[in-house]
Amino acid sequence: MSNIERAIAEAEELFVSAGQAKVRAEAQDLRRKRVRAALFVKYKADGNPAGASEQMAEADPVYELACNDWEIAAMEAETLRAQAEGKRLKFEAWRTQQSTARAQMNLR
């Protein structure tokens with residue numbers, strides 16, 4: 001496998017990993033929202049006013065854990081996306097460099 005083929009394969013793996021991480025982050029975000037809604041309903045059913053129920057739901061440790069899980073997943077997704085984009089930019093720079101070298105050879 002040539003260097004360019006290896007670089008393309010690595011970039012492809014990064015983009016796939018980034019996409020999968022994005023889906024995981026979106027799933028964690030949905031879970032976070034569901035936890036918040038369930039806690040709100042729980043505190044509202046206990047007779048608390050809506051505003052208080054909302055604050056209690058957001059202060060609940062279960063919601064905090066869901067938020068932390070989402071933040072970790074979102075950070076992983078963004079990190080992988082940035083790495084994949086960096087790999088793409090390096091490839092584009094290499095390709096431009098190769099094109100420039102060919103053009104200079106043709107001018108000689």
Side-chain angles (χ1 to χ4, degrees):
M1 179 181 280
S2 72
N3 286 343
I4 189 66
E5 290 171 329
R6 192 172 313 115
I8 290 171
E10 288 172 5
E12 185 177 283
E13 287 177 25
L14 268 174
F15 277 108
V16 168
S17 294
Q20 291 170 341
K22 180 182 177 190
V23 170
R24 285 191 300 272
E26 289 170 356
Q28 287 296 334
D29 188 36
L30 182 58
R31 179 179 167 270
R32 175 185 66 88
K33 290 174 183 176
R34 286 179 177 161
V35 165
R36 183 182 177 281
L39 289 168
F40 173 82
V41 169
K42 173 186 171 261
Y43 288 119
K44 185 78 170 114
D46 289 344
N48 295 299
S53 295
E54 185 176 342
Q55 290 177 345
M56 293 168 77
E58 290 178 357
D60 194 290
V62 173
Y63 180 69
E64 182 65 29
L65 286 173
C67 287
N68 287 339
D69 289 345
W70 170 70
E71 289 170 2
I72 290 167
M75 181 66 75
E76 177 191 11
E78 194 57 29
T79 300
L80 286 169
R81 186 203 61 76
Q83 289 173 342
E85 184 63 18
K87 189 72 103 164
R88 186 188 68 77
L89 290 173
K90 286 178 185 176
F91 176 75
E92 289 298 326
W94 173 84
R95 196 170 80 164
T96 300
Q97 188 178 42
Q98 296 300 310
S99 179
T100 301
R102 280 192 306 275
Q104 288 174 345
M105 288 175 135
N106 289 336
L107 291 175
R108 293 180 188 165

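Every residue two or more places apart in sequence or in another chain that forms a side-chain hydrogen bond (donor to acceptor under 3.5 Å, both in side chains) with Glu54 is listed here: Arg36.
To the nearest 0.5 Å, the span separating NZ on Lys33 from SG on Cys67 amounts to 11.0 Å. Here the straight-line distance linking atom CG of Leu14 with atom OG1 of Thr79 works out to 11.5 Å at 0.5 Å rounding. Atom CD in Glu5 sits 7.5 Å away from atom CD1 in Ile8 (nearest 0.5 Å). Considering CD of Gln104 and CG of Asn106, their distance stands at 10.5 Å, rounded to 0.5 Å. To the nearest 0.5 angstrom, Lys22 atom NZ is 14.0 Å from Glu76 atom CD.
A single hydrophobic cluster is not seen to contain both Trp70 and Leu39; linkage of ILVMFWY side chains at heavy-atom distances under 4.5 Å, directly or through other members, places them apart. In the hydrophobic clustering of this structure, Val23 does not group with Leu80; members are Ile, Leu, Val, Met, Phe, Trp, Tyr whose side-chain heavy atoms approach within less than 4.5 Å, directly or through other members. Connection of Tyr43 to Val62 is established within a shared hydrophobic cluster, with ILVMFWY side chains joined at heavy-atom distances below 4.5 Å, either directly or through further cluster members.
In terms of heavy atoms, Ala50 sits closest to Phe40 at O-CE1, 3.3 Å. Minimum heavy-atom separation, Phe91 to Ile4: CE1-CD1, 3.2 Å. The two residues Gln28 and Ala73 come nearest to each other via the heavy atoms CG-CB, 3.9 Å.
Looking only at distances, no side-chain donor or acceptor of Asp46 sits under 3.5 Å from a matching main-chain atom of Asn48.
Contact of the Arg88 side chain with the Phe15 side chain is registered, since non-hydrogen atoms from C-beta on lie closer than 4.5 Å. Side-chain contact between Glu71 and Asn68 is present, with heavy atoms from C-beta onward closer than 4.5 Å.
The list of salt bridge (charged side-chain N to carboxylate O under 4.0 Å, His left out) pairs with a residue in residues 93-105, not counting sequence neighbours, reads Glu92-Arg95. Residue pairs meeting the salt bridge (charged side-chain N to carboxylate O under 4.0 Å, His left out) criterion with at least one partner in residues 8-17, sequence neighbours excluded, are Glu10-Lys87.
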